[in-house]
**Q** 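Here it is, the structure, as structure tokens.
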Protein chains: 2
Amino acid sequence: MGTKQQITEKITALLKDSKLSVTDTRMKILELFMKSNGALEHSDIETQAGQSFDRVTVYRTLQTFLDKGIIHKIPTTDTSVRYAVCKSECSEHDHHDHHVHFKCESCGTTTCLDETNIPEISLPKGYAMHNVEVVVSGVCKTCK
Amino acid sequence: MGTKQQITEKITALLKDSKLSVTDTRMKILELFMKSNGALEHSDIETQAGQSFDRVTVYRTLQTFLDKGIIHKIPTTDTSVRYAVCKSECSEHDHHDHHVHFKCESCGTTTCLDETNIPEISLPKGYAMHNVEVVVSGVCKTCK
DNA sequence: ATTATTTTTGCAACATAGTTGCATTTTTAT
DNA sequence: ATAAAAATGCAACTATGTTGCAAAAATAAT
Ligand SMILES: [Mn+2]
Ligand SMILES: [Mn+2]
Ligand SMILES: [Zn+2]
Ligand SMILES: [Zn+2]
């Protein structure tokens with residue numbers, strides 16, 4: 001985990017590396033992502049940040065982080081949009097999150113299974129594959 | 001495809017098999033699904049149905065079809081919800097759509113690749129798998 | 001075929017989610 | 001310290017989804 005001070009430094013570095021201004025909103029939201037063990041959605045952030053930020057700012061911050069390759073989206077079958085921090089390999093407009101996502105039906109959390117690779121899929125003739133998303137649902141390690 | 005008459009009979013039978021009342025809304029929406037070569041979202045249905053049905057009715061109809069195993073959802077990374085007709089194996093509260101979904105980045109359509117099976121995935125120790133969703137994005141057969 | 005019962009629909013009203021323009025504030029560059 | 005650039009907050013708006021209830025339609029019973 002690291003001390004509060006270390007986390008702050010790490011987050012600041014991450015923002016600077018992405019050529020983003022270091023602002024309170026961005027620091028706070030990134031901190032929430034770092035602390036969380038699962039993916040976050042917009043409403044989680046609004047709640048956990050303690051109603052200190054405008055909704056619009058949160059939307060714009062998430063979009064900025066997406067653009068810069070700091071976070072990635074996770075597909076869902078409801079209308080919610082889930083976000084999780086990317087690994088270091090990701091960069092602006094070039095995401096490399098080729099791992100499986102897991103949604104626990106018990107606790108509701110969605111996590112990145114960074115070690116679980118996505119297997120090969122052979123599409124029918126004529127289809128070109130650019131990206132594969134895999135979301136597994138079931139019961140997680142903690143809830144079992 | 002079949003004639004208009006044949007499609008009507010087929011749809012009527014499907015509704016009766018699912019123990020649903022045969023109504024104009026349900027006939028029309030099922031017809032749209034049958035005619036469409038890809039998945040539909042709520043707005044597609046409202047548009048294509050020619051503003052004849054109330055929004056609420058469309059929502060409720062889709063939910064009913066989901067419950068009865070007539071359609072299934074397809075995960076997305078935006079807030080949209082996509083639906084496609086299930087194969088015959090599906091029944092009430094017991095979906096069996098273990099196929100890959102494909103989203104074309106060119107034409108935007110999402111299709112069920114019924115013949116493309118979902119490969120085995122080995123999760124980390126402690127995780128129980130109930131369902132797997134796979135969505136591939138790229139360029140489809142038609143757009144290539 | 002008529003009537004009774006059950007189900008579905010449409011409307012209104014509401015709630016939540018997401019977007020855009022613009023003035024003010026904050027951050028970064030000079 | 002000042003100027004330039006960028007981010008934020010607010011207001012106003014659009015889109016999406018939900019609930020209760022009365023009217024209408026579909027099915028079941030007579
Ligand atoms: Mn992930
Ligand atoms: Mn499908
Ligand atoms: Zn869990
Ligand atoms: Zn296409």
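Below, chains carry the letters A, B, ... as their sequence lines are ordered, and counting in each starts from 1.
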**Q** Ignoring hydrogens and angles, are the base of D:dG9 and the side chain of A:Arg60 linked by a donor-acceptor pair under 3.5 Å?
**A**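 Under the 3.5 Å cut-off, the side chain and the base do form a donor-acceptor pair.
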
**Q** For B:Asp24 and A:His42, find the nucleotide of DNA chain C closest to each by heavy atoms; which residue's nucleotide sits nearer the 5' end?
**A**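 Taking each residue's closest nucleotide, the earlier one in sequence belongs to B:Asp24.
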
**Q** Identify, between B:Lys16 and B:Tyr59, the residue whose nearest nucleotide on DNA chain D lies closer to the 5' end.
**A**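 Checking each residue's closest nucleotide, the 5'-ward one belongs to B:Tyr59.
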
**Q** Report yes if a donor N or O on one partner sits less than 3.5 Å from an acceptor N or O on the other, where the partners are the side chain of A:Arg55 and the base of C:dG18; otherwise report no.
**A**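 Result: at least one qualifying N/O pair found.
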
**Q** Rounded to the nearest angstrom, tell me the gap between atom CE in A:Met27 and atom C1' in D:dA6.
**A**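 In whole Å, D:dA6 C1' lies 17 Å from A:Met27 CE.
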
**Q** So does B:Thr23 get a side-chain nitrogen or oxygen closer than 4.0 Å to the phosphate oxygens (OP1/OP2) of D:dA25?
**A**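 No, B:Thr23 has no side-chain N/O under 4.0 Å of OP1/OP2 on D:dA25.
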
**Q** Whole-Å distance between D:dT8 P and A:Leu62 CG?
**A**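 My rounded result for the distance is 11 Å.
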
**Q** Return the value, rounded to whole Å, for the distance between atom CG of B:Leu66 and atom C1' of D:dG17.
**A**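 Those two atoms, CG and C1', are 14 Å apart.
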
**Q** Taking any heavy-atom pair under 4.0 Å as a contact, classify B:Thr79: base, sugar-phosphate, or nothing.
**A**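 Sugar-phosphate only.
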
**Q** Among side-chain atoms of A:Glu115 and A:His99, is any donor-acceptor pair under 3.5 angstrom?
**A**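 The criterion, which ignores hydrogens and geometry beyond distance, is not satisfied for A:His99 and A:Glu115.
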
**Q** Measure from NZ on A:Lys68 to P on D:dA6 and round the result to the nearest Å.
**A**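 Interatomic distance, NZ of A:Lys68 to P of D:dA6: 11 Å.
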
**Q** With a 4.0 Å cutoff (strictly under), does any side-chain N or O of B:Arg26 reach OP1 or OP2 of C:dT8?
**A**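 Yes, because at least one side-chain N or O of B:Arg26 sits under 4.0 Å from OP1 or OP2 of C:dT8.
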
**Q** In whole Å, what is the span from the CD1 atom of A:Ile45 to the P atom of D:dT8?
**A**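 Result: 13 Å.
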
**Q** Rounded to whole angstroms, how far apart are OH on B:Tyr83 and P on D:dT16?
**A**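 So the two atoms are 12 Å apart, to the nearest Å.
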
**Q** Can you hop from A:Val56 to A:Tyr83 via hydrophobic side chains spaced under 4.5 Å?
**A**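 Result: no, two separate clusters.
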
**Q** Could you check which of D:dC10, C:dA17, D:dT8 has an atom nearest any side-chain atom of A:Thr61?
**A**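 Given the options D:dC10, C:dA17, D:dT8, the side chain of A:Thr61 is closest to D:dT8.
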
**Q** Could you state the CG-P distance from B:Asp54 to D:dC21, rounded to the nearest angstrom?
**A**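 After rounding, the gap between these two atoms is 18 Å.
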
**Q** For the pair A:Lys10 and A:Glu31, evaluate salt bridge (charged side-chain N to carboxylate O under 4.0 Å, His left out) and give the outcome as yes or no after the intermediate values.
**A** CA-CA 10 Å; A:Lys10 189 177 166 188; A:Glu31 199 185 313; over 6 Å; no

**Q** For the pair made of CG in B:Asp67 and C1' in C:dT7, what is the distance, rounded to whole Å?
**A**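 My rounded result for the distance is 15 Å.
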
**Q** Taking only side-chain nitrogens and oxygens of B:Thr25, does any of them come within less than 4.0 Å of OP1 or OP2 of C:dT9?
**A**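 Yes, because at least one side-chain N or O of B:Thr25 sits under 4.0 Å from OP1 or OP2 of C:dT9.
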
**Q** Assign the ring pair B:Phe102 / A:Tyr127 to parallel, tilted or perpendicular, where the plane angle (0 to 90°) is split at 30° and 60°.
**A**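 Plane angle over 60°, so perpendicular.
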
**Q** Are A:Val136 and A:Ile121 linked, directly or through intermediate hydrophobic residues, by side-chain heavy-atom contacts shorter than 4.5 Å (ILVMFWY only)?
**A**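 Per the 4.5 Å side-chain linkage, A:Ile121 and A:Val136 are co-clustered.
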
